[in-house]
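This structure is a prediction, so every number in the text was calculated from the model and none was measured. As the structure lists them, so they are numbered: ligands from 1, and atoms in each ligand from 1.
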Amino acid sequence: MRDFLAKKIVEMPSSGIRKFFDIVTEMPDAISLGVGEPDFDTPWPIREEAIRAIKAGKTFYTANAGLSELRKAVCDYTARKIGVSYAPATECFISVGGSEAIDLAFRATLEEGDEVIIPQPCFVSYEPCVKMAGGVPVTIALKEENAFRLQPEELETAITPRTKALFISYPNNPTGAIMEKEDLEKLVPIILEHDLLVITDEIYSELTYGGKNHFSIAALPGIKERCIYVNGFSKAFAMTGWRLGYAMAPAAIMHEMIKIHQYCIMSSPTISQYAAVYAMTDGDAETQMMRQAYDRRRKYLMRRFSDMDIPCFEPKGAFYIFPNIQEFGMTSEEFALELLQRKKVAVVPGSAFGCCGEGFLRISYAYSLDDLRVAFDRIEEFIRELRKEKA
Ligand SMILES: Cc1ncc(COP(=O)(O)O)c(C=O)c1O
């Protein structure tokens, strides 16, 4: 029999996060700080809208691009949040999570061999999606001393005649870094000079701390017309399982993205779409409550790492913390495995998010303060032991 498998898929490694959590599922008494999803239930009013939709029999396909009332609500929400206006009928579509929107952004724009610049550490799907679309990922190793923000000279150096797009994602998974307006402005002349497409994944836009609201690169002059903006409901509204996201882009790009969506998906989950209208129009207070809880946990973890004398970059967004564990002279995978085996606490090795994540761990604080307290007591004990063994 022939080998039926596609070589480029066989050669693609599985996600470093999943690989690690296959081990965790074998350990029922382990505390996991690894998963990137809110610990909150989806707010009740959103769930009630879904129940209402089911009772009313609203269970059919929607338009390919999504319910028109949801697209309008998403465009109004985006205009209110980032100050950029999109036309619901031609510049917006409702996707199956931010994940599908990211995939389609690449598939609709890349020709074989086109290069996409991806700053790392970053979420695990970007590189594989670029490759599956025939593109070539070109990674930039972001530096802790730059607060994991993309520097203009780093971007300039990564550009070649084959570069088609710059992909960015702030607030960032896994570092919790943000980029402010002044940081983003410095990238604009380079983007314009090299005629780059910008793809921006802003799925954590509602989760920023320290009084600064999120700023989108799409809001800078000259960017909207060359930008695919991706966001979704999973993080801001604790709706991971509803599988709903959205993208905004100039009409010509959006038309092609929707064409792929039409053939591969048809339409995003209908009941979720009805529920999501509420999230967009009346969900701010719920998001605010969750953001405040994440912020309390973030401050608690910063304090714990400081007490342990572990250098830790202060996250300004998302719900991850990214401590530096280089002093122990272990790879981040060795550290994480040892922590799991000895203290039954699961965290994700920084290397799962790109080579430059080596020497760091990603710890999610989408867990209750009680769980975090127990887990951090164990982490502290582990670190004490490691230091003693090394001494
Ligand atoms: C940075 C980032 N982008 C996109 C996603 C995908 O989210 P979803 O497909 O649930 O909207 C995630 C999920 O963890 C993420 O962390």
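Of all protein heavy atoms, the one closest to atom 4 (C) of ligand 1 is Asp201 OD2, 3.4 Å. Atom 6 (C) of ligand 1 has its closest protein heavy atom at Ser99 OG, 3.3 Å. The protein heavy atom nearest to atom 13 (C) of ligand 1 is Lys235 NZ, 2.9 Å. The nearest protein atom to atom 7 (O) of ligand 1, hydrogens excluded, is given as Ile203 CD1, 3.6 Å; this is a heavy-atom distance. In terms of protein heavy atoms, atom 11 (O) of ligand 1 is closest to Gly98 N, 2.6 Å. With hydrogens left out, the protein atom closest to atom 12 (C) of ligand 1 is Phe123 CZ, 3.4 Å, a heavy atom.
Contacts with ligand 1 closer than 4.0 Å are made by no heavy atom of Phe233, backbone or side chain. Proximity of Tyr126 to ligand 1, defined as any heavy-atom pair under 4.0 Å, is confined to the side chain (atoms from C-beta onward).
Shown in contact with Arg243 at under 4.0 Å from a heavy atom are these atoms of ligand 1, numbered in order with element: 8 (P), 9 (O), 10 (O). Of all atoms in ligand 1, listed by their number and element, those nearer than 4.0 Å to a heavy atom of Gly97 are 9 (O), 11 (O).
Remark: ligand 1 and Ser234 share an N or O pair separated by less than 3.5 Å (distance only, no angle test).
Under a 4.0 angstrom heavy-atom cut-off, Phe319 registers as lying outside contact with ligand 1. Under a 4.0 Å heavy-atom criterion, Thr240 is not in contact with ligand 1.
Between Glu256 and Lys259, at least one side-chain nitrogen of the basic residue sits less than 4.0 Å from a carboxylate oxygen of the acidic one, meeting the salt-bridge criterion. Ion pair Glu11/Lys8 not flagged as a salt bridge, since none of the NZ, NE, NH1 or NH2 atoms sits closer than 4.0 Å to an Asp/Glu carboxylate oxygen.
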Please assess Glu206 against Arg291 for the test side chain to side chain contact (heavy atoms under 4.5 Å, CB included), listing each intermediate value before the final yes or no.
CA-CA 8 Å; Glu206 282 306 293; Arg291 183 195 305 122; 3.4 Å; yes
One pair to check against side-chain hydrogen bond (donor to acceptor under 3.5 Å, both in side chains): Tyr204 and Lys235. What are the steps and the verdict?
CA-CA 6 Å; Tyr204 293 99; Lys235 317 293 176 174; 3.3 Å; yes
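Judged purely by atom type and a 3.5 angstrom limit, Arg47 uses its side chain to pair as donor or acceptor with the backbone of Thr42.
In this structure, His214 and Ser205 approach most closely via the heavy-atom pair CB-O, 3.2 Å.
The OH atom of Tyr170 sits 9.5 Å away from the CZ atom of Phe148 when rounded to the nearest 0.5 Å. Atom CG of residue Leu372 and atom OH of residue Tyr367 lie 9.0 Å apart, to the nearest 0.5 angstrom.
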